[in-house]
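To start, the structure under review is shown below, and the notes come after it.
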Amino acid sequence: MKDTKKRSCPTAGLAIAGLIAFAACSLKPTQPNADASTQGGSSVSGGGQTGASLGGQSGTSPSTTGSPTAGSPGGGNPAGGDTNGSSVGGSPVAGSPGGGSVAGGSPVGGTATGGIPVGGTPTGGSRAGGTVTGGTPIGGTVTGGTPIGGTPTGGVGGTLTGGSRAGGSATGGAPIGGTPTGGAGGTPTGGSRAGGTATGGTPTGGTSTSSTVSTGNVPACTAPPSPPASYTIATHMTPVDAQATSLVSQMATTDKINILSGDHTTNPYATAGVAFRSLGVASLNIPNYPMRDGPRGMRNILPGDVSTCFAVAEARAASFDLDLEYQVGNLQGREMRAAKNELALAPVINTLRHPRWARAQETYGEDPVLLGEMGAAYVRGMQQPGGCAACPKHYVLNDTDNNRMQANPTVDMQTLHENYSRPFEITVKKGDPACIMVAYNLVNGTHCTENKAILGDIVRTQWGWGGFLVSDWSAAQAGHGAASMNAGLDLEMPIPSAFTTLSSDLTSGTLSSQTLTDAATRVMNARTKFNDLDATYMASTASFSLAGAQEAVDLAKKTELEGAVLLKNDGILPLGSVATTVGSGSPNAKIIAIVGPDNNLPVAPTATQNSTANFVSGLGDRGSSQVVAPHAVSYAQGLQARSGLTIKQSSDTSAASGADVVIIPVSMAHEDEGESYGGGADRQNMNLTSIHPKHWTTKPTAFIQSVAAVNPNVIVLLNVGSAVIVEDWMASAKAIIQTFYPGQEGGTALAALLFGDTNFSGKLPFTVGQNEADYPQFQNSGTAAATIDYYHGYRLFEKNAKPVRYWFGYGMSYTTYAYSNLQVCSGATIAAAGTLNVQVTVQNTGKVAGDEVVQLYIGYPNSKAPKRPVKELKAFKRVTLAAGASQNVQLSIPASDTAYWDMTNNKWTVESVAHTVLVGPSADPTKLLSATVTIQ
Ligand code: BGC
């Protein structure tokens with residue numbers, strides 16, 4: 001089978017006969033087309049605030065409009081909540097400021113969302129539902145307090161002048177715990193306070209995550225647990241292996257140049273089991289170095305090759321499950337090794353700056369910490385004994401595809417370090433990969449492959465990393481051997497083009513023999529450390545048997561079970577446990593319809609289909625990340641196997657009428673969002689109303705609406721790589737699930753989720769806005785320098801206060817979780833070299849078990865740095881909670897993780913100021929508990 005890639009290839013070396021096979025590569029890449037709510041609830045009665053612990057505080061801009069829009073406070077029924085599944089926020093709008101007041105404190109300014117205020121006089125803003133018992137709350141509108149049990153003691157001393165807590169008409173519930181006794185001191189004139197937790201209702205489906213603050217006994221801090229075994233790096237690239245040094249010392253100059261070059265002596269596409277390889281040294285019994293893509297499983301090369309197709313990386317990012325990603329890397333590493341492959345061209349850890357990037361599905365989302373942690377987990381798993389070397393890619397700022405070989409972003413060093421090289425830095429430090437692949441594009445006017453400021457200065461000098469740097473395929477510039485190698489590039493793939501000059505560069509003195517030797521040593525070091533020259537391994541034959549093994553089937557299924565994100569559920573899910581009910585209220589569902597052009601997905605494509613324009617497998621791109629799976633379970637097959645019910649299918653709307661529930665999968669082809677060759681391109685817009693998916697004649701927006709007109713029980717599956725705007729059709733869907741490209745077991749996993757056998761737990765690894773215009777600039781054509789702004793993703797939406805539909809980190813489940821008792825265990829002040837330890841209590845307040853992803857963000861309200869986001873993710877932990885169970889969850893980061901990149905002094909700098917510690921279920925500012933820590 002032939003790689004159909006069309007690349008911009010070097011011309012040098014094309015005279016070599018063996019290179020005829022690269023003819024396809026001479027084409028330039030395609031330049032396609034143009035581009036509470038549990039409401040408020042709470043136990044407020046008659047306009048008073050019932051007590052509780054509070055969060056916080058004050059605001060420079062007191063909210064004046066809190067309004068109870070959903071649910072009834074207190075004893076209310078939180079069924080459904082809002083469509084965001086938010087459980088916070090119903091704000092009483094009428095009534096008098098009752099009760100609760102602050103005893104001796106001054107909440108001043110800002111927006112506090114749930115911390116433990118320590119004192120203060122509320123002079124502005126609003127606060128909600130809590131008891132301030134001392135200290136100095138600094139900050140904002142409390143939106144998540146659960147007035148349960150607190151005891152507002154009165155307004156003594158507190159002067160609530162700016163905000164108002166406007167009573168609220170809680171009619172259904174009784175105050176639980178708190179005894180509002182005061183509030184006489186304040187004169188609430190404005191502002192609002194926002195709900196708490198309805199304690200009396202019965203969530204009946206489509207339940208959501210809530211953020212609450214409670215009182216009572218605050219549990220003692222416990223030390224954070226030691227990292228699990230999966231955090232152990234098995235193979236370190238430093239120090240250099242003695243065998244590598246010895247082998248290189250025996251090499252002639254031409255041998256060294258050969259092992260730093262792609263194999264130009266044979267046709268790599270026609271050799272069993274090997275697509276790409278760099279050269280070995282026959283006289284030293286060093287074979288060629290075989291390497292394969294890619295990020296959703298091992299890329300297949302020849303007929304008969306099969307390998308496990310996992311849910312795409314974007315889905316696995318949604319799991320926030322580092323152990324799972326470790327297992328994926330580990331299994332794929334063993335598959336690679338069994339296939340006699342020694343270097344995996346994965347994972348992708350490019351920051352998703354814009355959801356339209358063609359290869360969004362291959363990476364782990366928009367957040368540098370999530371990207372880096374996921375990348376490191378994958379690398380650690382892959383590089384265990386029995387696995388192979390990993391090569392995170394594409395360093396750096398490869399985030400448009402149509403012009404990926406000419407893109408020339410202008411970026412300042414703060415933006416680069418904090419948002420774009422950071423995932424690579426984390427992966428290097430926590431995974432120690434053997435290799436990093438260098439991107440096609442330029443950065444600040446110089447190709448990455450010869451950009452010393454990007455390669456040598458950062459990767460080697462700053463990070464001190466000992467692996468080797470390989471060019472992306474034909475990324476190095478023809479004739480620029482010395483410039484590339486002097487900048488830090490070690491290996492050129494897939495054939496030499498820049499490195500054809502290395503010999504003459506040595507003669508002319510533009511390249512030193514030591515630099516060449518160092519590069520050769522780095523490549524050999526990776527090979528000897530992974531036992532590629534081990535005699536038993538070298539004598540073995542390739543095997544592809546792992547793909548069908550139960551272990552692989554189970555793991556592939558798990559990637560989708562944990563990765564699918566429930567975005568909306570108005571009560572239609574879960575389907576009845578034996579499929580005799582739809583949701584909680586619609587009995588006797590007997591017929592499930594799957595409609596639309598993608599009703600039969602996912603399917604494992606045949607070789608012919610894999611190269612058919614606009615063919616859609618539902619498994620993901622046909623670019624370098626494609627995988628030939630042993631099989632794929634379609635949604636119809638999965639649902640039928642699970643339920644035994646009739647599954648009606650139609651590519652038009654016809655099967656919808658008469659069905660009890662209608663599922664509409666919406667998928668995309670390589671031509672919609674796929675690596676830019678062979679028709680692949682960046683998405684042209686983010687909606688489902690025009691252009692995409694190209695194989696849909698009637699686009700999904702109109703299709704979904706017409707289905708809803710005949711059958712309101714619509715469930716939409718977003719079988720796509722990243723964010724789509726849902727505004728114009730979401731009202732026509734009772735449930736929306738971002739399934740991503742779900743892998744070979746996608747149908748089985750979906751059935752388990754829809755029927756509630758497994759609870760949803762996936763959380764978005766990117767932000768879904770309401771308007772595409774609110775995302776950053778996406779310049780995917782031409783060579784003109786595009787300025788990369790510091791802000792993207794939730795950082796941008798939060799800074800600009802743009803409306804978000806679904807926040808980063810958001811995802812619903814069939815239960816609810818309450819957060820309380822946020823504590824900074826390491827003390828109110830920590831040293832810059834110290835560790836920040838926090839603890840929070842998370843309770844499963846619903847009726848079924850579930851996994852929750854607890855997220856720690858740090859906010860910088862006092863920063864003096866030129867730029868800082870409002871907040872950013874620093875750590876996360878996935879916990880499993882039985883119905884009703886609580887867990888005290890510890891999160892820990894070095895204080896140095898709060899640093900910014902100081903462009904004046906060219907170094908990471910920790911600011912000696914008070915930082916905000918925010919913990920909760922997503923980046924939604926209204927859902928986070930907050931506390932303060934000062935770093936000195
Ligand atoms: C892609 C890389 C891939 C390489 C080899 C390039 O075009 O950008 O991600 O590893 O091809 O297939």
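Whatever order the structure lists them in is the order used to number ligands and atoms, beginning at 1.
Under the disulfide (SG to SG under 2.5 Å) criterion, C448 pairs with no residue at all, not counting sequence neighbours. With sequence neighbours excluded, the residues satisfying ring-ring contact (aromatic ring centres under 6.0 Å, His included) with H417 are W901.
When heavy-atom distances to ligand 1 are checked against a 4.0 Å cut-off, R292 has no atom that comes that close, whether in backbone or side chain. By the criterion of a heavy-atom distance under 4.0 Å, neither the backbone nor the side chain of Y677 is placed next to ligand 1.
Counting atoms of ligand 1 from 1 in the listed order, those under 4.0 Å from a heavy atom of K393 are 2 (C), 3 (C), 9 (O), 10 (O). Shown in contact with E675 at under 4.0 Å from a heavy atom are these atoms of ligand 1, numbered in order with element: 1 (C), 6 (C), 7 (O), 8 (O). Annotation for ligand 1: atoms under 4.0 Å from non-hydrogen atoms of L345 are 10 (O). Taking every non-hydrogen atom of R359 and a distance limit under 4.0 Å, the qualifying atoms of ligand 1 come out as 1 (C), 2 (C), 8 (O), 9 (O). Each of the following atoms of ligand 1 lies closer than 4.0 Å to a heavy atom of R299: 12 (O).
Taking a 4.0 Å cut-off on heavy atoms, Y440 registers as neighbouring ligand 1. At least one heavy atom of M437 sits closer than 4.0 Å to an atom of ligand 1.
In this model, no donor atom of one side chain and acceptor atom of the other lie less than 3.5 Å apart for Y741 and E314. D682 and N780 are linked by a side-chain donor-acceptor pair at a separation below 3.5 angstrom, with hydrogens and angles left out of the test.
Classified by interplanar angle (parallel below 30°, tilted 30° to 60°, perpendicular above 60°), the ring pair Y395/W463 is perpendicular. Using a 30° and 60° split on the angle between ring planes, H792 and Y420 fall in the tilted class, from 30° to 60°.
Here's the thing with W473: none of its N/O atoms is less than 3.5 angstrom from an N/O atom of ligand 1.
Here F276 and W473 bring their ring centres to under 6.0 angstrom of each other.
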